[in-house]
Asks: 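Take this structure, written in structure tokens, and hold onto it; I'll ask about it next.
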Amino acid sequence: MNGTKPTGDCPRVRDGAFFQGPMNLLHILQQRFQTALAGLVDDPTPYVAMIKPAQDARFGDYQANCAMALGKALGKKPRDIAQDLVQRLPLDDVLDPPEIAGPGFINLRFRSDWLAKQVQELGRDPRLGVESPKTPRTFVIDFSSPNVAKPMHVGHLRSTIIGDALARLLRFQGHKVITDNHLGDWGTQFGILLYGYKNFLDEAALKADPVREMLRIYVHVRQLMSVRDDEDAEDAVNPVAEACRQETAKLHAGDAENVRLWQMMMPWCQAEIDTVYKRLDIHFDHTHGESFYNPQLPSVVADLEKRGIARNSEGAVVIFLKEGEPPALVRKRDGAFTYTTTDLATIRYRAETWQPQTVLYVVDFRQGLHFKNLFEIARRWGYQDVALEHVSFGSVLGNDRKPIKTREGGAIELSELLDEGVREAARRYELTRKERQERGEDVPALAAEELTQIYEAVGLGAVKYADLSQNRDSDYIFSWDKMLATEGNTATYMQYAYVRTRGIFRKGDEDVEPLRARPPLPSLESPHERALAIQLLRFPEALEAAATDYRPHVITGYLWDLAKTYSGFFQNCPVLKAESPALRQSRLLLCDLTARIIQKSLDLLGIRTVERM
RNA sequence: GCACCUGUAGCUCAACUGGAUAGAGCAAUGGCCUACGAAGCCAUAGGUUGCAGGUUCGAAUCCUGCCAGGUGUACCA
């Protein structure tokens with residue numbers, strides 16, 4: 001705290017000037033309760049945390065639930081404490097007189113004139129009310145991380161989408177974010193490619209389209225590996241698989257030919273995954289794959305041994321974690337290193353290179369134990385001041401509730417899945433369009449170019465939104481019907497809500513720029529206007545809640561609430577035909593802010609909007 | 001065996017991390033296009049939150065024990 005600055009309204013420096021912007025509603029209430037509680041308890045923090053949005057409009061906008069807990073701690077009647085607190089609250093111009101209800105709930109309601117001023121500020125705020133953090137943190141986000149020798153498949157979907165959304169969110173909040181794609185570019189899958197290249201290469205096909213030929217080779221060898229020679233030989237080593245292993249070993253040992261081939265193939269593999277990233281609009285700051293860390297591995301093991309963290313056991317170098325539990329291997333009996341070794345080298349490199357406060361691993365839940373062990377080892381190794389977090393997520397299931405597969409039982413290629421999403425979006429779009437035309441509705445005529453963009457935005461948006469709107473802990477069932485539904489909490493619905501809002505400006509021939517440069521003080525007389533105002537002002541709060549536990553579905557939940565609140569407003573408050581020009585401007589501001597926040601929220605989820613559909 | 005995750009309306013999911021009468025969307029029923037895009041809106045119905053205990057002013061949420069499903073568990077990553 002700086003005594004020369006007012007603390008109550010938190011002026012912010014922006015573009016070199018002090019900017020009096022709108023504030024996170026929850027923060028304002030928390031500050032006021034901080035003050036009120038200061039005289040009552042030593043540490044108000046846990047009690048301040050008991051301020052929540054009211055579940056029911058009858059209970060006001062927010063409610064403070066701390067009086068009951070305080071009653072216990074102070075040995076007084078909760079309602080008396082609530083009364084005391086209310087009297088200590090700095091009231092000024094922000095709140096209506098709070099009410100005390102039930103066992104000691106304090107119901108809080110903002111003054112509408114104060115809300116209107118906040119909305120006016122929000123209108124000219126390019127950051128839509130989101131304040132820059134006092135102390136920005138540095139995050140490294142490790143996500144996607146496909147094995148590059150084979151095409152990306154549906155198993156990479158969640159990590160890629162969730163990781164990208166978290167990167168966008170944290171970056172927008174004002175943190176420093178470094179995205180790093182930890183490619184599997186050094187493993188057994190390259191042995192498969194090397195073996196295939198040496199034995200089944202079609203030179204002409206390679207010249208024509210190297211990526212396609214690599215795919216063909218990979219798939220072909222995989223088939224050979226999985227075919228059993230005869231029924232009795234179940235445990236026998238498949239000769240092709242063995243040959244592939246040997247190619248991998250030679251690569252790791254530095255065999256000149258294999259290294260040369262690896263260097264030749266890598267750009268092709270990279271090109272293959274880049275097309276998927278480009279389509280999904282996903283970018284990485286760094287792509288340090290396993291091969292990048294390979295030269296560092298011996299020193300990792302040596303250092304762990306030197307510090308007495310790792311030791312020899314049965315010929316391997318291992319780290320014992322817990323009594324009765326299997327140890328983690330950092331070097332196998334045959335001298336090869338493991339993924340634990342690589343991951344440790346990665347932690348060291350990231351810590352030394354970027355000094356992050358937090359490293360997020362957006363990786364599927366099945367690797368939970370691996371990360372638990374890895375993080376424990378990292379702590380013993382001395383990396384205690386960097387928070388390592390496994391942001392885990394469940395599986396994508398088919399209709400049979402089993403991990404989704406093709407009809408043949410193979411993994412669904414991501415590029416094909418995205419193609420199908422866009423095709424489905426186009427098919428459904430044309431269907432609805434035809435229906436609407438038959439009903440005599442005013443359907444905008446759109447050029448082929450614009451339609452293509454709509455299909456992409458809707459199809460890809462549907463896939464992303466369906467994933468992100470789910471609590472990441474649980475599995476989810478993949479269904480085109482569900483994700484491309486035009487009703488309910490879907491990308492399509494939100495994109496449509498955005499379009500409808502924009503439609504008002506088109507129809508009314510209204511420009512948004514003056515609204516944003518000099519927003520009017522809105523009227524919040526109607527309960528629908530007031531509810532929408534609060535919902536708009538809650539945007540920063542939603543982002544904060546989503547970021548706290550790295551849960552993008554909190555953003556989609558907020559969006560859904562916003563869309564429903566907007567619907568109520570839209571249905572009951574005419575905009576273009578408002579009773580007065582002033583009211584029209586007031587409502588246009590609310591519309592524009594709704595559109596901007598929908599667009600920004602979708603953007604943080606990596607989803608595009610279009611102006612017309 | 002041990003560990004982690006999941007179990008909420010017929011189906012798919014929420015519930016802001018302990019708050020007031022557990023909410024949405026599908027599906028069902030009934031209504032709303034001479035006010036801005038009906039891909040929309042409103043209303044009705046639907047629940048022993050897997051089961052049983054416990055903790056307290058208050059539990060879907062925390063603890064214990066069961067039941068069911070998924071996943072992992074020394075040389076794949």
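All values derive from a computational prediction rather than experimental measurement. In what follows, chains are A, B, ... by sequence order, proteins preceding strands, each numbered from 1.
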Asks: Using 30° and 60° as the class limits, which term best fits the ring planes of A:Phe371 and A:His390: parallel, tilted or perpendicular?
Replies: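 Plane angle between 30° and 60°, so tilted.
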Asks: A:Gln470 near the nucleic acid: base, sugar-phosphate alone, or nothing, with a heavy-atom cut-off under 4.0 Å?
Replies: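 Here A:Gln470 touches the backbone only, sparing every base.
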Asks: Given B:rC13, B:rA74, B:rC57, identify the nucleotide with an atom nearest to the side chain of A:Met68.
Replies: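 In terms of side-chain proximity for A:Met68, the closest of B:rC13, B:rA74, B:rC57 is B:rC57.
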Asks: Answer yes or no for A:Arg538 and A:Tyr558: cation-pi contact, defined as NZ/CZ to six-membered ring centre under 6.0 Å and angle to ring axis within 45°.
Replies: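 Pair A:Arg538/A:Tyr558 does not count as cation-pi.
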Asks: Could you tell me whether A:Leu329 contacts a base, only the sugar-phosphate backbone, or nothing, with contacts defined as non-hydrogen atoms closer than 4.0 Å?
Replies: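 Counting heavy atoms under 4.0 Å across all strands, the contact made by A:Leu329 includes a base.
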Asks: Is the ring centre of A:Phe105 under 5.5 Å from the base ring centre of B:rG19, and are the two planes under 30° apart, so that they stack?
Replies: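 No, aromatic ring not over the base.
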Asks: Roughly, in whole Å, what's the span from NE2 in A:His156 to C1' in B:rA77?
Replies: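 So the NE2-C1' distance, A:His156 to B:rA77, works out to 11 Å.
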Asks: Both distances under 3.5 Å, Watson-Crick or G-U wobble: report the partner of B:rA74, or none.
Replies: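 Base partner found: none.
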Asks: Given the P atoms of B:rU64 and B:rG18, what is the spacing between them in whole Å?
Replies: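 Approximately 15 Å lies between the P atom of B:rU64 and that of B:rG18.
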Asks: In this structure, how many angstroms lie between the C1' atom of B:rG40 and the CZ atom of A:Phe570, rounded?
Replies: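 Taking CZ of A:Phe570 and C1' of B:rG40, I get 8 Å after rounding.
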Asks: Distance between the C1' atoms of B:rA39 and B:rA3, in whole angstroms?
Replies: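 Their C1' atoms lie roughly 47 Å apart.
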Asks: Within the 4.0 Å heavy-atom criterion, would you say A:Arg538 contacts the bases, only the backbone, or no part of the nucleic acid?
Replies: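 Here A:Arg538 touches the bases of the nucleic acid.
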Asks: Return the nucleotide paired to B:rA68: Watson-Crick means purine N1 to pyrimidine N3 with N6-O4 or O6-N4, wobble means G-U with N1-O2 and O6-N3, both under 3.5 Å.
Replies: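 Its partner is B:rU6 (Watson-Crick or G-U wobble, both distances under 3.5 Å).
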Asks: Please classify the nucleic acid contact of A:Cys573 as base, sugar-phosphate, or nothing, using heavy-atom distances under 4.0 Å.
Replies: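 It contacts base atoms.
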Asks: What distance, rounded to whole Å, do you find between the two P atoms, one in B:rG25 and one in B:rC42?
Replies: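 Between the two P atoms, the distance is 8 Å.
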Asks: Under a 4.0 Å threshold between the charged nitrogen and the carboxylate oxygen, would A:Arg502 count as salt-bridged to A:Asp592?
Replies: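 Result for this pair is yes, salt bridge flagged.
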Asks: Could you tell me the separation between the CZ atom of A:Arg472 and the C1' atom of B:rC5, rounded to a whole number of Å?
Replies: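 Nearest whole value for this atom pair: 12 Å.
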Asks: Suppose you measure atom P in B:rG37 against the same atom in B:rC41; what distance do you get, rounded to whole Å?
Replies: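 Straight-line distance between the two P atoms is 15 Å.
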Asks: Please give the distance between the C1' atoms of B:rU44 and B:rC4 as a whole number of Å.
Replies: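 Straight-line distance between the two C1' atoms is 43 Å.
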Asks: A:Arg500 side chain N/O closer than 4.0 Å to the phosphate oxygens (OP1, OP2) of B:rA38?
Replies: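 The answer is yes; a side-chain N or O of A:Arg500 sits under 4.0 Å from OP1 or OP2.
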Asks: With a 4.0 Å limit, can you tell me whether A:His553 has a side-chain N or O closer than that to the phosphate oxygens OP1/OP2 of B:rA15?
Replies: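 So the side chain of A:His553 is within the cut-off, an N or O lying under 4.0 Å from OP1 or OP2 of B:rA15.
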Asks: May I ask you to verify whether the side chain of A:Asn373 and the base of B:rA74 hold a donor-acceptor pair under 3.5 Å?
Replies: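 Such a pair does not exist between side chain and base.
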Asks: Would you say A:Ser567 reaches B:rG40's phosphate, i.e. side-chain N/O to OP1/OP2 under 4.0 Å?
Replies: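 No, because none of the side-chain N or O atoms of A:Ser567 sits under 4.0 Å from OP1 or OP2 of B:rG40.
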Asks: Has the side chain of A:Gln495 got a donor or acceptor that lies under 3.5 Å from a partner of the other kind on the base of B:rA39?
Replies: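 Side chain to base: no pair below 3.5 Å.
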Asks: Any strand is fair game: report the nucleotide pairing with B:rA35 by Watson-Crick or G-U wobble, both distances under 3.5 Å, or none.
Replies: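 Result: none.
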Asks: Base, sugar-phosphate, or nothing for A:Val554, non-hydrogen atoms under 4.0 angstrom?
Replies: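 It contacts nothing in the nucleic acid.
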Asks: Please state whether the base of B:rU21 and the side chain of A:Arg58 form at least one donor-acceptor pair under 3.5 Å?
Replies: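 Such a pair is found, so the answer is yes.
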Asks: May I ask you to say whether A:Asp400 pairs ionically with A:Lys402, meaning some side-chain N is under 4.0 Å from a carboxylate O?
Replies: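 Salt bridge between A:Asp400 and A:Lys402, a charged N being under 4.0 Å from a carboxylate O: no.
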Asks: So, A:Gln470 and A:Tyr476: side-chain donor and acceptor under 3.5 Å apart, yes or no?
Replies: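 No - no donor-acceptor pair under 3.5 Å links their side chains.
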Asks: Just N and O in the side chain of A:Tyr493: are any of them under 4.0 Å from OP1 or OP2 of B:rG37?
Replies: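 Negative; the distance criterion is not met.
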Asks: Tell me the partner of B:rG58, counting only Watson-Crick (N1-N3 plus N6-O4 or O6-N4) or G-U wobble (N1-O2 and O6-N3) with both under 3.5 Å; none if nothing fits.
Replies: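 Looking at the geometry, B:rG58 pairs with no nucleotide.
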Asks: Look at the side chain of A:Glu314 against the base of B:rA74 and say whether a donor-acceptor pair falls under 3.5 Å; ignore hydrogens and angles.
Replies: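 Present.
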Asks: What contact category does A:Arg587 fall into here, base, sugar-phosphate, or nothing, at under 4.0 angstrom with non-hydrogen atoms?
Replies: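 A:Arg587: no heavy atom of the nucleic acid under 4.0 Å.
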Asks: Looking at B:rA74, B:rC36, B:rG40, which one has an atom nearest to any side-chain atom of A:Ile504?
Replies: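 Output: B:rC36.
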Asks: Which of these nucleotides, B:rG37, B:rA77, B:rG40, is closest to any side-chain atom of A:Met613?
Replies: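 Closest of the options to the side chain of A:Met613: B:rG37.
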Asks: Of the options B:rA24, B:rG37, B:rA77, whose atoms approach the side-chain atoms of A:Glu290 most closely?
Replies: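 The answer is B:rA77, which lies nearest to the side chain.
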Asks: Select base, sugar-phosphate, or nothing to describe what A:Asn471 touches, counting heavy atoms under 4.0 Å on all strands.
Replies: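 Touches sugar-phosphate only.
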Asks: For B:rG47 and B:rC13, measure between their C1' atoms and round to the nearest Å.
Replies: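 Each nucleotide's C1' atom is 15 Å from the other's.
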Asks: Looking at the rings of A:Tyr339 and A:His370, which for Trp means the six-membered one, are their centres under 6.0 Å apart?
Replies: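 Here the rings of A:His370 and A:Tyr339 have centres that are less than 6.0 Å from each other.
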Asks: Indicate syn or anti for B:rC42, taking the glycosidic torsion and treating anything within 90° of 0 as syn.
Replies: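 Anti for B:rC42; the angle lies over 90° from 0.
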Asks: A:Arg158 CZ to B:rC5 C1': how many Å, rounded?
Replies: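 Distance, rounded to whole Å: 12 Å.
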Asks: Any carboxylate oxygen within less than 4.0 angstrom of a Lys/Arg side-chain nitrogen, looking at A:Arg428 and A:Asp481?
Replies: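 Salt bridge flag = yes for A:Asp481 with A:Arg428.
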Asks: Go ahead and name the base partner of B:rU29; Watson-Crick or wobble counts if both distances stay under 3.5 Å, otherwise write none.
Replies: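 Looking at the geometry, B:rU29 pairs with B:rA43.
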Asks: Between B:rG40 and A:Tyr496, is there a base-stacking contact, meaning the centre of the base's six-membered ring lies under 5.5 Å from the residue's ring centre while the planes stay under 30° apart?
Replies: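 Stacking between A:Tyr496 and B:rG40: absent.
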Asks: Can you confirm whether or not the ring centre of A:Phe569 sits under 6.0 Å from the ring centre of A:His528?
Replies: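 They do not qualify: ring centres at least 6.0 Å apart.
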Asks: How many Å lie between CG on A:Leu369 and P on B:rC2, as a whole number?
Replies: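 Result: 16 Å.
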Asks: Measure from the side chain of A:Arg366, starting at C-beta and using heavy atoms only, and say which of B:rA20, B:rG72, B:rC26 lies closest.
Replies: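 Out of B:rA20, B:rG72, B:rC26, the nucleotide with an atom closest to A:Arg366's side chain is B:rG72.
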Asks: Can you confirm if the aromatic rings of A:Tyr429 and A:Tyr455 lie within a centre distance of less than 6.0 Å?
Replies: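 Yes, the ring centres sit under 6.0 Å apart.
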Asks: Under 4.0 Å, counting only non-hydrogen atoms across every strand here, what does A:Val443 touch: a base, just sugar-phosphate, or nothing?
Replies: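 A:Val443: no heavy atom of the nucleic acid under 4.0 Å.
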Asks: At less than 4.0 Å, is any side-chain N or O atom of A:Arg401 found next to OP1 or OP2 of B:rU12? Yes or no.
Replies: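 The answer is yes; a side-chain N or O of A:Arg401 sits under 4.0 Å from OP1 or OP2.
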Asks: Taking N and O atoms by type only, does the side chain of A:Arg436 place a donor or acceptor under 3.5 Å from a partner on the base of B:rA39?
Replies: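 In this structure, the two groups form a donor-acceptor pair.
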Asks: With rounding to the closest Å, how many angstrom separate the C1' atoms on B:rG30 and B:rU12?
Replies: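 So the two C1' atoms sit 24 Å from each other.
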Asks: For B:rU71 versus B:rA52, give the span between their P atoms, rounded off to a whole number of Å.
Replies: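 Straight-line distance between the two P atoms is 28 Å.
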Asks: Assign A:Tyr476 to base, sugar-phosphate, or nothing according to its heavy-atom contacts below 4.0 angstrom with the strands shown.
Replies: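 A:Tyr476: backbone/sugar contact only, no base atoms under 4.0 Å.
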Asks: Please confirm whether the shortest side-chain N or O distance from A:Lys402 to OP1 or OP2 of B:rG70 is below 4.0 Å.
Replies: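 For B:rG70, OP1/OP2 do not have a side-chain N/O of A:Lys402 under 4.0 Å.
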Asks: Can you measure A:Leu397 atom CG to B:rG69 atom P for me and round it to whole angstrom units?
Replies: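 Rounded to the whole Å, the gap is 16 Å.
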Asks: Is the distance from OP1 or OP2 of B:rC57 to the nearest side-chain N or O of A:Lys72 less than 4.0 Å?
Replies: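 It does, given that an N or O in the side chain of A:Lys72 lies less than 4.0 Å from OP1 or OP2 of B:rC57.
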Asks: Do A:Glu305 and A:Arg311 sit within salt-bridge range, that is, some charged N less than 4.0 Å from a carboxylate O?
Replies: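 So A:Glu305 does not pair with A:Arg311 through a salt bridge.
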